[in-house]
Amino acid sequence: MGAADYQVDEKGHLEKNNYLNCEKGLKSWLFTIDHKRIALLYLGAMILFFLVGGLAAVLIRLHLWSSDSKLLSPDMYNVLFTLHGVLMIFLFIVPGIPAVLGNFLLPLMIGAKDVAFPRLNLFSFWIYLLGALIGFIGLLDPVWLVSKIKGSAIGTWMPLDTGWTFYTPYSTSTGAGSGWGTIIMTFAAFVLGFSSILTGLNFIVTIHRLRAPGLTWFKLPVFVWSLYATSIIQVLATPVVGITLLLLIAEKVLGVGIFDPEKGGDPILYQHFFWFYSHPVVYIMVLPAFGIIGEIIPIFSRKPIFGYSAVVFSSVGIAAVSFIVWAHHMYTAGMSPFSQAFFSATTFGVAIPTAIKVFNWVSTMYKGAISFEAPMLYAMAFVFLFMIAGTTGIFLATLGLDIFYHDTYFVVAHFHYTIQGGAVIGLIAGLHLWFPKITGKMYNKKLAIFAFWLIFIGFNVTFLPQFILGVQGMPRRYAFYIPEFEPMHRLSTIGMFFNAIGYTLALLNLALSWVFSKEKAPANPYKALGLEWQAPSPPPHDNFINTPIVTVGRYDYGKPLEDLGLKGGVSG
Amino acid sequence: MKIVPEKASTIASDFDFLNLVLFIASAFFTVAIVGVMLYFAFRYRRRSNEDLDKTPRIYGNHILEIIWTAIPTVVVIFIAWWGIVLREKMFAVDSDHITVFVNSWKWAWEFRYETGKKSSGKDAVLVVPVNKPVKLILTSKDVIHSLFIPAVRVKQDAVPGSYKYMTFTPTRIGEYPIFCTEYCGTQHSTMMAKLRVVSQEEFDVWVNYVETDEGPSAELGKKLYSELGCNACHSLDGSRLVGPSFKGLYGSERELSDGSIVVADDAYILESIQYPLKKLVAGYPPAMPAYSLKDEEYLGLLSFIKEVTFGKDQGEELVSILLDEDKVPEDDALLQPEQRGARLVQQKGCVACHSLDGSQLVGPSFKGAWGSTREFTDDSTGKVDEEYVRESIYEPNKRIVKGYLPAMPSYQGQLSEEQINDIIEFLKSLK
Amino acid sequence: MAESVYSKVGGRGAPPVYHHIDPINAYHAAKFGMWLFLATEILLFSVLFTAFAIYNWAYFESFQHAATKLDWKLGGLNTLILLFSSCTAAIAVYKAQINDNQGVVKNFTVSFICGLAFLVIKYFEYSAKYRHGYFPGTELWNSAEFSTQYKNYFGLYYVMTGLHALHVLIGMGVLLWVIFLARRERFSEKYYTPVELAALYWHLVDLIWIFLFPLLYLID
């Protein structure tokens, strides 16, 4: 199909023959190898899981309204927080930004027509769904359900209640899932991890081999750099889950003592394996969000990103350090003092590149021309929330303090600040920013800003009190608690309402604008630089009508200093 | 509403101080950075669309990058060091400490003392004397639990199959909650216990009042030492058999087969009984089978090994504590009946004539009196039971034990019925 | 419409046409991707090696003793078989590069048969273990005298060799698929990516065994 087949209007809107309508029918979606359509498939599945996981969170917080709440039985409470954790972590935020925005934008940002292995990309999506299916099977105790149908059920129905960390020997001895729950879940984690590996591998090869002419490594968008760092973690960390699974099965089926002390195993070994994967995973969640913030702030400040190479190297630095910090989840498990000191020191190593990023984002705004559209508001909120997440992270990295804070609400609040305040806010910010590119429509800006404030205020009211609960010594995963903790829990539950309504409103706004808005989005609504804004909105199947050539730097906003009569010569 | 839990241990103020310093530093940096961001947002807000391309194209500044890399680096190195030092202090065990063995299961705690005293179940209480370092040795019977006492700022996982320790020095008398902080299933949130910090005197009375009829721990251990055949491989006199001798074992440094050094503390010894090959002393064959015993049997063996190392004078005798006026709490209601009895026999001057250690004074000794059969001056015999004791207090001369003088006055009217019951309980405890 | 959206399969000996990448770049991308994948495979096994190292250190004597129960002769024979099959796989790549599709078929078939032989020998080894009772579920295995340390050693043995055997199976499937393509004369000096990737994977399978063999069989 030649350039003549595309009728792009003067603003860059492509009404016909764009990737959304060039082919029709369910099959053209489910078996597409177009990275943009695959991104939307991921988005659809993930939002579904996000809503289910969110509903679990709503129930949890309602239950915690009073100290001896009867809303849920303790078992049901345990099941719900497991469901919440598993869905939100493994099905929503780990694939999260890379699978949706990464898939959609990576080829666009580097001027490619697709990722290096489009079929593998589709395959990744399908095994993601397969993993999700296995995960649900593991959660819902299928063995019992089947025997119930057959009429030979023993005991009661017990969905998985291990928490998303599946610590042995609890996870291998609980009756949940008729004893197989944890193994099925680990299998699901492995299948999902396999999907991650393939996506990561695809991205790495794409970045290495498919960059447009002139797009050298140090002209790459910071978002692409963060995807690169993320992909490396995905490829290197995930195999460990596979082996953990295998060892769990060996223990269950062969009776070999690997993790079970009764069989001569060591339960702490499981924690090492688990966190060797699951800690780097935290950076899989949040690094791409860093990238998104690094894209938004220059666009709305009309300034080059401050300290490009510092931002890039800090992403790679975080990825590298993430592999040697895992045991900071285990300070109270009785490791040797030397190991504890070592992992504490390495953990502090994460703080430095993170701080560098924050400083550079803020400095980017200096002497800018800042407009406060929804993505920019989210980005500024991100900086605030991540400051809190980061500084409370310092408390937890500090060896002596973590002995107290470990497994208290302080940790709960901290990781919700990093993951929700960081990764989810980053994802929502990115969805708003690239919404016109993805859909060819514009969202309702006023509603978007209203939803933003609901989310921002609701989020802080939900989780700031949880820091106080942590300081008071409230342990996590408690269905009941002592009455002293009640006021803060109530405040937290009130905040949850605003937070939940905010997310619903923000997502509804995007969905309804896509369906009903008549406003045709131009190719470049923000007058931003960067290759993806050169493609029409929405882009055609091959992304660009003509192969783009990089002439102007992605972040070259504003006027050169010499033109302004200022002293030049400063560079990133 | 209190933000910070009560300070009930020596480490609490160190902890709170570092916590406060970090809070102030965090608040400062957060307010400063977010403040600068908000200032920029306001100062450089877009006034019109003509501003769009008038911004200066600043790419960065090397000096600033170096500064804001250096400052956090210095700050975090300092904090990391402080945190490590605090942890060292938290886990430093004072040589003069009392040891409590903590076992856990779904869903209860158990605290055992070296005297054999035990508190467990839903109402388990960890009783400790104020200002005295405590060392807890933790393990679990099923899944991982974690003992957390906010008031003393420490926490330690109890891992099945191994023994971990934690330590603290309580500084304030009172009751504080203990939580389980490692998720363990249905009743996780109600798996609670209490820390009760009491005076040394009260503690001594409490810990020495043992309900079970097992003898002192070490005696059980001694019995097991021969019954289980430990003596085949472990000598008591330092001579080398198949395994290392028990002599001088406790607290000594051991070189293991892999070259590492461990101290043979409680955790090591308990672990070695259950998992002998895990930490094998260098130069000995891996010959020992694993022993699966009852909790009290493990602790018995441990006490016995300690006794072999330190000699028998550990732990004071019940009687001497009961009789030491200064150590007994004022309030009778706090005491066990036999403790009140012990106080009575002292206050009423019974001990002037009746010894507590078996020696012969004017009257027969109280020790071993209860339940024994006595021969009287009228050649009849009788058992020392409740009836006899009551009679002897009200009408001392009715039946006099052979070989003694009818010297005792009647205490009719001086002792209430309850008091006599207390004395009876006391006599029972002196069996 | 459709032909621009999806890639086409190239003709006889010609590389496939992709819409998004040119053939030379596609070759390099595929090879790079394969190496990354092999890296994850090596990581997968290295976790098992770590677990083995930990328990070998903890239960040194038992592991030494248990290792004597393995038949190092059969293990050694399997090592030779795999080494040989790796050799023929390498030759197959060379044959593809000189446009000899029949050579690819022949050499990969030899590799395939070697893989099969490896699995048959493995089967005999496993069944011998079963007869001796060093197998989960046997009377000896469940008895008290079969210590947890032994179970640990044999458990890791079955996990590691089992996972490796699974890789041999997958590798044989890949070989079969490439043999099928080669019979249709799909390869030439211009296009031999699948041959090379299949051979790379087969080398990995071989390499992992080279580590497993001394670790499991020869530690006494």
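Since the model is a prediction, treat every value here as computed from it, not as a measurement. To find a chain, count down the sequence lines: A is the first, B the second, and so on, and within it residues start at 1. Only this structure's heavy atoms are used, side chains among them; waters, hydrogens and symmetry mates stay out.
- At least one donor-acceptor pair closer than 3.5 Å links the side chain of Tyr183(B) to the backbone N or O of Asp161(A).
- Contact of Gln156(B) with chain A is made through backbone and side chain together, with heavy-atom distances under 4.5 Å.
- Neither the backbone nor the side chain of Phe467(A) comes within less than 4.5 Å of any heavy atom of chain B.
- Of the residues considered (Arg302(A), Met376(A), His406(A)), Arg302(A) shows the highest number of contacts with chain B, using heavy-atom pairs under 4.5 Å.
- Checking side-chain atoms of Lys155(B) against main-chain N and O of Phe404(A) turns up a donor-acceptor pair under 3.5 Å.
- Pairing each heavy atom of Arg57(B) with each of Gly558(A), the nearest pair is NH2-O, 3.0 Å.
- The greatest number of non-hydrogen atom pairs below 4.5 Å with chain A, out of Leu86(B), Leu22(B), Ile11(B), is found for Leu22(B).
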Could you go step by step and tell me if Tyr59(B) and Tyr308(A) meet the ring-ring contact (aromatic ring centres under 6.0 Å, His included) rule?
-> CA-CA 7 Å; Tyr59(B) 288 108; Tyr308(A) 171 87; 9.4 Å; no
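- Checking side-chain atoms of Arg46(B) against main-chain N and O of Ile370(A) turns up no donor-acceptor pair under 3.5 Å.
- Of the residues considered (Val159(B), Thr73(B), Ile33(B), Val4(B)), Ile33(B) shows the highest number of contacts with chain A, using heavy-atom pairs under 4.5 Å.
- Across every non-hydrogen atom of Cys180(B) and Pro475(A), the tightest pair is O-CB, 4.1 Å.
- One finds the CD atom of Gln340(A) at 6.5 Å from the CZ atom of Phe91(B) (value rounded to the nearest 0.5 Å).
- Neither the backbone nor the side chain of Met166(B) comes within contact range of chain A; no heavy atoms are under 4.5 Å apart.
- Annotation: maximal heavy-atom pairing with chain B below 4.5 Å, among Ile352(A), Leu399(A), Ile482(A), occurs at Leu399(A).
- Checking Asp142(B) against Tyr170(A) by side-chain atom types alone, no donor-acceptor pair falls below 3.5 Å.
- In this structure, the side chains of Asn360(A) and Glu65(B) come closer than 4.5 Å at one or more pairs of heavy atoms.
- For Ile268(A), the part sitting under 4.5 Å from any heavy atom of chain B is the side chain, from C-beta outward, and nothing else.
- Between His188(B) and Asn78(A), every side-chain heavy-atom pair lies at or beyond the 4.5 Å cut-off.
- The residue among Thr398(A), Leu401(A), Asp402(A) with the most heavy atom pairs within less than 4.5 Å of chain B is Leu401(A).
- Classified by interplanar angle (parallel below 30°, tilted 30° to 60°, perpendicular above 60°), the ring pair Phe179(B)/Tyr478(A) is perpendicular.
- Side-chain atoms of Asp407(A) and Phe148(B), non-hydrogen and from C-beta on, never get closer than 4.5 Å to each other.
- Between chain B and the residues Pro353(A), Ala355(A), Ala341(A), the largest count of heavy-atom pairs under 4.5 Å involves Ala341(A).
- The two residues Thr186(B) and Pro74(A) have their closest heavy-atom pair at O-CB, 3.3 Å.
- Considering only heavy atoms from C-beta on, Phe348(A) comes within 4.5 Å of Ile79(B) through its side chain.
- Most heavy-atom pairs under 4.5 Å with chain B: of the set Gly349(A), Pro337(A), Gly553(A), this distinction falls to Pro337(A).
- Across all non-hydrogen atoms, the minimal contact from Phe359(A) to Pro72(B) is CE1-CG, 4.0 Å.
- The number of heavy atoms from other shown groups lying within 6.0 Å of NZ (Lys141(B)) is above 12.
- Open room surrounds CD1 on Ile63(B); 12 or fewer heavy atoms of other groups in view lie less than 6.0 Å from it.
- Here the closest non-hydrogen pair linking Ile3(B) and Val471(A) is O-CG1, 3.6 Å.
- A distance-only check finds a donor-acceptor pair linking the side chain of Ser189(B) to the backbone of Phe480(A) [under 3.5 Å].
- Proximity to chain B is limited to the side chain of Phe372(A), based on heavy atoms less than 4.5 angstrom apart.
- Within the 4.5 Å cutoff, no side-chain heavy atoms of Ser301(A) are placed close to those of Thr55(B).
- Of the listed residues Ala158(B), Ser162(B), Ala80(B), Gly161(B), the one with more heavy-atom pairs under 4.5 angstrom with chain A than any other is Ala80(B).
- For the set Phe23(B), Phe15(B), Trp68(B), the entry with the most heavy-atom pairs within less than 4.5 Å of chain A is Trp68(B).
- In this structure, the side chains of Thr332(A) and Glu182(B) stay at 4.5 Å or more apart for every pair of heavy atoms.
- Remark: Arg476(A) CZ to Thr181(B) OG1 distance equals 10.0 Å, nearest 0.5 Å.
- Contact annotation for Val76(B): both backbone and side-chain heavy atoms come within less than 4.5 Å of a heavy atom of chain A.
- Proximity to chain A is limited to the side chain of Met90(B), based on heavy atoms less than 4.5 angstrom apart.
- The two residues Asn19(B) and Phe395(A) have their closest heavy-atom pair at OD1-CE2, 3.1 Å.
- In this structure, the portion of Thr168(A) lying under 4.5 Å from any heavy atom of chain B is its backbone and not its side chain.
- Neither the backbone nor the side chain of Phe386(A) comes within less than 4.5 Å of any heavy atom in chain B.
- In this structure the side chain of Pro169(A) reaches within 4.5 angstrom of the side chain of Ile144(B), judged on heavy atoms.
- When heavy atoms are compared at a cutoff of 4.5 Å, Leu138(B) does not approach chain A at all.
- Put simply, of Thr190(B), Asp14(B), Val34(B), the one with the most heavy-atom pairs under 4.5 Å next to chain A is Val34(B).
- Note that CZ of Arg43(B) is 8.5 Å distant from OH of Tyr366(A), once rounded to the nearest 0.5 Å.
- Using a 4.5 Å cut-off between heavy atoms, Lys89(B) does not touch chain A at all.
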